[in-house]
Amino acid sequence: MSDASRAYDYVFGFGSIMDTSTHATWQTSSAPMRGAVATISKRFGYQREWNFRSNTGFTALGVSKADSSQDRESCDINGVLFQVPLGEMGNFDKREVGYERVAIPLDMIALHPEISGFHQQTQFSLTKSDRIWIYVPLSSHAMYADENHPLLQSYVDTVLRGCLEWGGEAMAETFILTTGGWGTYFLNDTPSSRRPWLYRKEYRTIDELLKKYSEKTHYGDRRHPEEFAANFNQRMKGTWSIPPRNPNFTGRDTELTRLHSRFLAQDLGRKAVIKVEVTGMGGVGKSQLVTEFVYRHFPVEYGFVVWVNAETSDTLVADYRQLLADLASDNTDAKMQVVDINKSSEDVVSEVKSRLFRCSLPWLLVMDNLEDHGLLDTFVPHGAVTRGHILITTRHVDVDSGSGNLELSCFNTDESLEFLRRSVGTYNIEGPENEGAAKELSDRLGNLPLALGMAAAYMRRCDVQVSEYLERFLISEKSGHFILHGKLNDYAVTVASSLCLSLEEVEKLSPVACEVLKLLCFLGPDQISKSLIRHLLSAKKNLDHERLNRKLIAKNKRVSLQRHCFLFCVVIAGGAATLLTKRHSLKMGMLAFSTMTASMAVFAAFQNSTNTMFDVTESTSFRNVSATTFSSYEYEQSDVAWNVLKSFSLLTVKDGKGSVHRLLQKAMRSCQNEMETIYNLTICIDTMSAMWSFKTQDTDTWKDSLLMLEHLYILP
């Protein structure tokens with residue numbers, strides 16, 4: 001068969017390529033590659049090993065010629081045979097930098113349709129004219145793991161997830177047994193490595209298999225970052241504070257390609273710091289785009305990636321300080337912690353910049369939600385020993401950066417529909433009626449990813465089809481119920497309309513969760529914890545109790561005053577009646593009645609005025625709040641509120657800390673009248689007073705107090 005008539009080649013994947021979620025990093029087509037479980041015969045003369053030295057500082061999988069002098073017995077290599085369109089082979093080659101293609105004869109490949117996983121196999125009918133390739137490390141890259149190039153748990157996870165995807169535990173077990181080169185240089189580099197359930201899919205199964213064959217895998221030698229060699233920590237490898245990857249990430253292929261091109265256009269092989277900005281309005285998905293970019297290019301192009309909150313200089317200093325603490329060779333040493341805490345902000349920033357400058361690996365610094373471009377000169381190194389990239393998300397365009405900007409707009413209609421399909425499930429969007437409703441909903445929401453995400457969370461949580469959701473949405477939009485009391489600007493209206501439906505359902509499940517969200521809109525958008533919610537609920541309970549007591553006292557005073565007024569009116573009326581003459585009786589009677597009625601009206605007006613004055617004065621007065629002891633109610637309800645808000649995507653949680661989008665906060669503030677605003681602000685102020693623990697001489701209080709500053713800055 002000629003190349004002109006051939007549509008596909010075949011590639012034997014024996015490592016990370018088995019995990020189909022990695023294909024998006026290089027594949028230009030949205031159609032998934034078809035694959036089948038296969039093995040390469042040991043007669044082919046190759047064996048699989050951890051022997052590929054990556055440019056980004058770790059050891060990956062490769063194959064090498066079998067050596068009869070070694071003690072290791074030759075064996076078949078299991079993997080997945082992928083059918084790759086010829087147009088994608090160039091991209092595949094770029095992915096496999098440092099490898100070369102080697103042809104595999106047809107008689108050396110065996111397909112295994114009897115093996116099953118949760119990914120469906122394709123039944124290939126291979127012929128002698130089909131070209132089958134395997135990627136073999138170049139001699140310049142063929143090296144085993146050492147202290148500076150360890151095995152990474154994140155990479156091992158990717159490979160074994162691929163095995164589980166195609167052939168279950170049996171295939172993963174066979175992989176471990178037929179792979180050589182396992183060693184003692186084994187780094188558990190996954191985010192929150194001591195809490196694998198947060199980020200590592202299938203971690204139980206993977207760790208059990210690694211432990212089962214620990215004599216081979218050196219599972220017992222696996223170390224957390226702070227336990228690993230000091231040299232490794234000094235070189236700064238891996239990732240830090242990267243958000244979890246969004247499994248429903250949709251489209252944006254053009255934007256991701258342009259973003260990568262922006263770096264390449266400025267790079268040109270220079271050892272310098274290159275800056276690219278992703279701009280756009282709030283809620284358009286800037287952070288989601290950058291998160292996907294990071295996962296697609298680490299560790300292939302970057303050896304070290306750091307994500308920081310760049311909203312203010314304080315948030316940057318706090319993240320830099322925590323980064324240094326996590327990079328310490330032994331962060332369990334209390335003495336070392338005190339030394340780090342006592343460093344001035346200037347020293348912390350200077351040390352991070354210095355380490356980035358000296359870093360011998362390509363690195364990427366993500367500065368999320370930058371508000372002030374003037375901070376860049378202070379917090380970004382002015383040069384690099386190797387390649388350094390700065391990726392910024394911001395709502396404010398830096399006109400001086402020119403072509404380095406990438407402006408992100410809302411989804412197009414097709415992307416919105418695809419996002420809804422992935423997010424709400426096929427059942428809730430299938431059929432002509434639902435498809436038409438999805439198009440109309442996308443249009444009414446302005447294709448804004450944030451609003452679409454809230455709508456999808458509602459449909460998924462309540463098991464509602466798109467057509468039914470649209471009907472509820474239209475009713476809510478027409479009535480302006482609950483959320484549109486205040487006037488919201490431009491795109492925030494779409495958020496408000498989606499928020500309205502979600503809040504109604506949240507209130508049904510947990511009125512407390514709805515109250516918590518109203519309070520959180522007056523605090524900082526990040527650094528939200530369950531402890532903060534417990535303090536808010538406690539402050540609310542105390543304020544309500546105090547208001548009730550004051551109103552009871554005021555009520556007793558009003559009743560007493562009412563009695564005196566009534567007696568006064570009776571006396572006036574009675575006195576007027578005794579002075580009546582027959583000629584003036586009607587006139588004087590009318591006067592007496594009018595006097596009594598007016599007196600009561602004046603009293604009623606005074607009573608209402610007193611109520612209003614009491615509420616405002618009581619709410620805005622300074623309050624002395626002492627330390628809080630929580631009841632079982634606060635613990636229980638804070639957990640309920642946390643989980644309910646998460647389930648509706650109103651609260652995003654990373655590393656145990658929650659975030660509320662600024663547009664949601666704006667919408668929630670706008671729906672509250674003046675009295676509600678004063679009441680909720682009072683609760684927030686009481687909460688901050690109770691949680692503020694800063695003591696100049698006690699360094700243990702500094703870190704928590706620094707986190708509280710974000711909320712204090714927001715309070716008016």
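All heavy atoms count here, side chains included; hydrogens, waters and symmetry mates do not.
The existence of a salt bridge linking Asp639 and Lys530 is confirmed by a sub-4.0 Å separation between a basic side-chain nitrogen and an acidic carboxylate oxygen.
Asp686 contributes atom CG, which lies 9.5 Å from atom OG of Ser538 (distance to the nearest 0.5 angstrom). Here CG of Leu520 is found 7.5 Å from CG of Leu645. Values are rounded to the nearest 0.5 Å. Ser423 OG to Met459 CE: the interatomic distance, rounded to the nearest 0.5 Å, is 8.5 Å. How far CH2 of Trp166 is from OG1 of Thr20: 7.0 Å, rounded to the nearest 0.5 Å. Rounding to the nearest 0.5 Å places OG1 of Thr239 at 11.0 Å from CG of Leu364. Here Gln665 contributes atom CD and Leu517 contributes atom CG; the two are 8.5 Å apart, rounded to the nearest 0.5 Å.
Aromatic ring centroids of His711 and Phe522 lie 6.0 Å or more apart.
Applying the side chain to side chain donor-acceptor pair (under 3.5 Å) test between Glu292 and each of Arg252, His297, Arg245 identifies Arg245 as the sole match.
In terms of heavy atoms, Gly658 sits closest to Trp642 at N-CH2, 3.8 Å. Listed here is the closest heavy atom pair of Gly35 and Phe82: CA-CD2, 4.1 Å. Annotation for Val506 and Cys514: closest pair CG1-N, 3.9 Å, computed over non-hydrogen atoms. When every heavy atom of Asn447 is checked against every heavy atom of Thr413, the shortest pair comes out as OD1-CA, 4.0 Å. Residues Met18 and Cys163 share a closest heavy-atom pair of CE-SG, 3.5 Å. When all heavy atoms of Val294 and Ile242 are compared, the pair lying nearest together is CG1-CG2, 4.0 Å.
In summary, the side chains of Ser287 and Asp368 do present a donor paired with an acceptor at a separation below 3.5 Å, with no hydrogens or angles considered. Side-chain atoms of Thr393 and Asn369 include no donor-acceptor pair closer than 3.5 Å. For the residue pair Thr205 and Glu208, no side-chain donor N or O sits within less than 3.5 Å of a side-chain acceptor on the partner.
Although no hydrogens or angles enter the test, the distance criterion places no donor-acceptor pair under 3.5 Å between the side chain of His535 and the main chain of Met688. Distance alone, capped at 3.5 Å, is enough to place a donor-acceptor pair between the Glu634 side chain and the Ser631 backbone. Without hydrogens or angle criteria, Asn673 side chain to Met675 main chain gives a donor-acceptor distance under 3.5 Å. Side-chain atoms of Gln672 come within 3.5 Å of backbone N or O of Met668 as a donor-acceptor pair. Under a 3.5 Å cut-off, the side chain of Arg422 and the backbone N or O of Phe249 do form a donor-acceptor pair. Checking side-chain atoms of Arg669 against main-chain N and O of Cys521 turns up a donor-acceptor pair under 3.5 Å. Looking only at distances, a side-chain donor or acceptor of Ser638 sits under 3.5 Å from a matching main-chain atom of Tyr635. Without hydrogens or angle criteria, Ser659 side chain to Lys657 main chain gives no donor-acceptor distance under 3.5 Å. Thr257 places a side-chain N or O within donor-acceptor distance of the main-chain N or O of Asp253, the cut-off being under 3.5 Å.
Proximity of Asn428 to Asn434: side-chain heavy atoms (C-beta onward) are nowhere separated by under 4.5 Å. Annotation: side chain of Glu371 is not in contact with side chain of Thr312 (no heavy-atom distance under 4.5 Å). A heavy-atom distance below 4.5 Å is not found between the side chains of Pro449 and Phe419. Using a 4.5 Å heavy-atom threshold, the side chains of Leu532 and Leu523 count as touching. Contact check for Asp319 versus Trp240: side-chain heavy atoms found under the 4.5 Å cut-off. Taking the side chain as every heavy atom from C-beta outward, Val278 and Glu255 never approach each other to under 4.5 Å.
Within 6.0 Å of OH in Tyr427 there are 12 or fewer heavy atoms belonging to other residues, nucleotides or ligands. With a 6.0 Å radius and a threshold of 12 heavy atoms from other residues, nucleotides or ligands, Glu114 has its CD atom above the threshold. Enclosure of atom CD in Glu674 is not indicated, since only 12 or fewer non-hydrogen atoms of other residues, nucleotides or ligands lie within 6.0 angstrom.
Remark: Lys540 engages Glu515, Asp544, Tyr679, Ile683 in a side chain to side chain contact (heavy atoms under 4.5 Å, CB included) (not counting sequence neighbours). Applying the side chain to side chain donor-acceptor pair (under 3.5 Å) test to Glu202 and every residue at least two apart in sequence or in another chain returns nothing. Applying the side chain to side chain contact (heavy atoms under 4.5 Å, CB included) criterion to Arg258, with sequence neighbours excluded, gives Thr254, Arg262, Leu406. Shown here are the side chain to side chain contact (heavy atoms under 4.5 Å, CB included) partners of Ser116, two or more places apart in sequence or in another chain: there are none. Every residue meeting the side chain to side chain contact (heavy atoms under 4.5 Å, CB included) condition with Asp19, not counting sequence neighbours, appears here in chain and number order: Ser21, Thr22, Thr158, Arg161, Glu165.
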message = Could you walk me through whether Glu301 and His260 satisfy the side-chain contact (heavy atoms from CB on, under 4.5 Å) test, starting with their C-alpha distance in whole Å, then the side-chain angles of each, then the deciding distance to 0.1 Å, before giving a yes or no?
response = CA-CA 11 Å; Glu301 294 189 34; His260 190 221; 3.0 Å; yes
task = Could you go through the side-chain contact (heavy atoms from CB on, under 4.5 Å) check for Val512 and Val640 one step at a time?
result = CA-CA 8 Å; Val512 172; Val640 170; over 6 Å; no
Chi angles and distances behind the side-chain hydrogen bond (donor to acceptor under 3.5 Å, both in side chains) call for Thr291, Gln288 = CA-CA 5 Å; Thr291 299; Gln288 288 291 325; 5.5 Å; no
key: Chi angles and distances behind the side-chain hydrogen bond (donor to acceptor under 3.5 Å, both in side chains) call for Glu546, Asn542   = CA-CA 6 Å; Glu546 185 174 337; Asn542 293 337; over 6 Å; no
request  = Mind running side-chain contact (heavy atoms from CB on, under 4.5 Å) on Leu316 and Met367 for me, showing each step along the way?
outcome  = CA-CA 9 Å; Leu316 280 167; Met367 305 188 76; 3.8 Å; yes
Verdict with supporting geometry, Glu418 and Phe411, side-chain contact (heavy atoms from CB on, under 4.5 Å) = CA-CA 10 Å; Glu418 180 61 25; Phe411 283 151; over 6 Å; no
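The aromatic rings of Phe293 and Tyr302 are tilted relative to each other, their planes meeting at an angle between 30° and 60°.
Among residue pairs with one or both ends in residues 429-441, those qualifying as salt bridge (charged side-chain N to carboxylate O under 4.0 Å, His left out) are Glu440-Arg444; sequence neighbours excluded.
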